[in-house]
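These numbers come from a predicted model, not from an experiment.
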Amino acid sequence: MTLIRAIKMGVPILASDIPSVRELCANPEALLEPGDENSWKKAIEEALREKKALQLFGCDKIPTRRRYGKKCR
């Protein structure tokens, strides 16, 4: 599943701190370092326990949504 599709569907997302992802994230400080296994393990455990991810993504950051008015869930 692509990141934008996951954002549109409103599913919890865990993502790496890379430029293309950072620009879509409302709280980029919560993104995970690529290759940091401990951080990923903790984030996955917390997402499963809390039924949500700590990273916040919103449809308002998707360029095509702004341009064409597409709705998200």
Side-chain angles (χ1 to χ4, degrees):
M1 178 181 317
T2 66
L3 177 60
I4 291 177
R5 181 174 286 168
I7 293 169
K8 288 179 177 181
M9 292 176 66
V11 298
I13 299 167
L14 295 176
S16 294
D17 187 9
I18 58 175
S20 59
V21 173
R22 194 177 309 120
E23 69 185 40
L24 296 174
C25 189
N27 62 337
E29 66 279 355
L31 293 171
L32 302 165
E33 279 299 315
D36 184 349
E37 293 177 18
N38 288 328
S39 293
W40 277 91
K41 180 180 182 232
K42 288 178 186 176
I44 291 168
E45 289 171 346
E46 186 167 348
L48 291 171
R49 183 176 52 254
E50 301 295 326
K51 307 272 193 288
K52 65 178 182 175
L54 296 176
Q55 301 163 1
L56 303 174
F57 291 88
C59 287
D60 61 321
K61 298 236 180 200
I62 300 172
T64 55
R65 183 198 174 267
R66 288 192 304 264
R67 181 181 299 160
Y68 301 110
K70 294 189 178 189
K71 296 183 180 183
C72 294
R73 291 182 187 177

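Rounding to the nearest 0.5 Å places CG of Leu14 at 6.5 Å from CD1 of Ile44. The structure places CG of Asp36 at 8.5 Å from NZ of Lys42, a figure rounded to the nearest 0.5 Å. In this structure, the separation between SG on Cys25 and CD on Glu23 is 11.0 Å, given to the nearest 0.5 Å. Note that the CE atom of Met9 and the OG1 atom of Thr2 stand 10.0 Å from one another [nearest 0.5 Å].
Residues Pro34 and Ile18 approach most closely at CG-CG2, 4.0 Å, considering heavy atoms. Of all non-hydrogen atoms in Phe57 and Leu24, the two that sit nearest each other are CD2-O, 3.3 Å.
A 4.5 Å side-chain heavy-atom check between Ser16 and Val21 finds every atom pair outside the cut-off.
Crowding of Glu45 atom CD: a count of heavy atoms from other residues, nucleotides or ligands under 6.0 Å exceeding 12.
Note: the hydrophobic cluster containing Leu31 also contains Ile4 (ILVMFWY, side chain heavy atoms under 4.5 Å, direct or indirect links). Hydrophobic clustering (ILVMFWY, side-chain heavy atoms < 4.5 Å, transitive): Trp40 and Leu56 are in distinct clusters.
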